Asks: 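Before anything else, here's the structure in question.
Atoms considered below: every heavy atom in the structure, side chains included; atoms not considered: hydrogens, waters and symmetry mates. Because the structure is predicted, anything quoted here is derived from the model rather than measured.
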Amino acid sequence: MTKMINVNINAGNIDPKEGEEWANEIVNVYADMEITDVQATGNSISFKAGLSGMDDTTPDDIKQKIDEYLTMNEAFSAQNISCS
């Protein structure tokens with residue numbers, strides 16, 4: 001079973017639809033990542049993320065992937081990323 005981690009990203013001004021698309025696109029970059037419950041507003045994106053089949057995924061594992069993805073795809077300016 002995949003352990004899911006809550007991800008909250010505080011961002012500058014972002015179009016909610018673009019925020020949702022950005023989050024859903026992660027699974028195309030990281031084949032082992034699963035994303036559910038995506039919600040985006042004008043200044044934040046939240047979702048649950050996990051690594052397929054891993055029940056020992058840590059918040060730091062997910063944060064590292066998010067940081068890498070933000071470096072590759074700078075669709076917005078992330079001010080704070082929390083994973084718990």
Side-chain angles (χ1 to χ4, degrees):
M1 180 170 185
T2 302
K3 179 180 177 181
M4 301 302 276
I5 305 292
N6 292 315
V7 177
N8 293 298
I9 302 172
N10 293 329
N13 190 18
I14 183 169
D15 178 271
K17 183 176 171 107
E18 288 179 18
E20 285 183 33
E21 290 172 2
W22 178 88
N24 287 317
E25 186 68 21
I26 295 173
V27 298
N28 294 326
V29 175
Y30 299 106
D32 62 341
M33 187 170 269
E34 297 178 20
I35 301 291
T36 63
D37 302 332
V38 177
Q39 296 180 2
T41 66
N43 60 3
S44 69
I45 302 169
S46 64
F47 53 90
K48 293 181 182 177
L51 301 175
S52 298
M54 295 183 65
D55 58 1
D56 62 347
T57 302
T58 67
D60 286 341
D61 295 333
I62 298 300
K63 187 167 186 326
Q64 178 184 1
K65 298 279 189 183
I66 300 298
D67 285 337
E68 286 176 353
Y69 184 57
L70 276 167
T71 300
M72 290 185 280
N73 184 350
E74 295 183 48
F76 58 90
S77 174
Q79 297 166 345
N80 183 43
I81 302 168
S82 65
C83 300
S84 59

Asks: To the nearest 0.5 Å, how far apart are CD1 in Ile66 and CD1 in Ile26?
Replies: 4.0 Å
Asks: According to a 4.5 Å side-chain heavy-atom criterion applied to Ile, Leu, Val, Met, Phe, Trp and Tyr, with indirect links allowed, do Val38 and Ile81 form part of one hydrophobic cluster?
Replies: yes
Asks: Does the side chain of Glu68 reach to within under 4.5 Å of the side chain of Tyr30, using non-hydrogen atoms?
Replies: yes
Asks: Taking all non-hydrogen atoms of both residues, which atom of Asn10 and which atom of Ser44 are closest, and how far apart?
Replies: OD1-CB, 4.1 Å
Asks: I'd like to know if the side chain of Asn24 and the backbone of Glu21 have a donor-acceptor N/O pair within less than 3.5 Å.
Replies: no
Asks: Could you tell me which non-hydrogen atom of Ala23 sits nearest to which non-hydrogen atom of Ile35, and how far apart they are?
Replies: O-CG1, 3.9 Å
Asks: Can you name the closest pair of heavy atoms from Ile14 and Gly19 and give their distance?
Replies: CD1-CA, 3.7 Å
Asks: Donor-acceptor check, side chain of Ser52 to backbone of Asp32, threshold 3.5 angstrom: yes or no?
Replies: yes
Asks: Going from CG on Asp61 to CG on Asp56, what distance comes out if it is rounded to the nearest 0.5 angstrom?
Replies: 7.5 Å
Asks: Which residue pairs pass the ring-ring contact (aromatic ring centres under 6.0 Å, His included) test with at least one member in residues 34-70, sequence neighbours excluded?
Replies: Trp22-Tyr69
Asks: Ala40 and Pro16: which non-hydrogen atoms are nearest, and at how many Å?
Replies: CB-O, 3.3 Å
Asks: Are the side chains of Glu34 and Leu51 in touch, meaning some heavy atoms are under 4.5 Å apart?
Replies: no
Asks: Between Phe76 and Leu70, is a side chain to side chain contact (heavy atoms under 4.5 Å, CB included) present by the stated rule, with each step listed?
Replies: CA-CA 8 Å; Phe76 58 90; Leu70 276 167; 3.8 Å; yes
Asks: Please name the pair of heavy atoms, one in Ile5 and one in Ser84, separated by the smallest distance, quoted to 0.1 Å.
Replies: CG2-O, 3.3 Å
Asks: What distance separates Glu20 CD from Ile45 CD1, expressed to the nearest 0.5 Å?
Replies: 9.0 Å
Asks: Which heavy-atom pair separates Met4 from Lys48 by the least distance, and what is that distance?
Replies: CE-O, 3.6 Å
Asks: Taking 4.0 angstrom as the limit, do Lys63 and Asp67 come out as a salt bridge?
Replies: yes
Asks: Output yes when a side-chain donor or acceptor of Thr2 lies under 3.5 Å from a complementary backbone atom of Gly53, and no otherwise.
Replies: yes
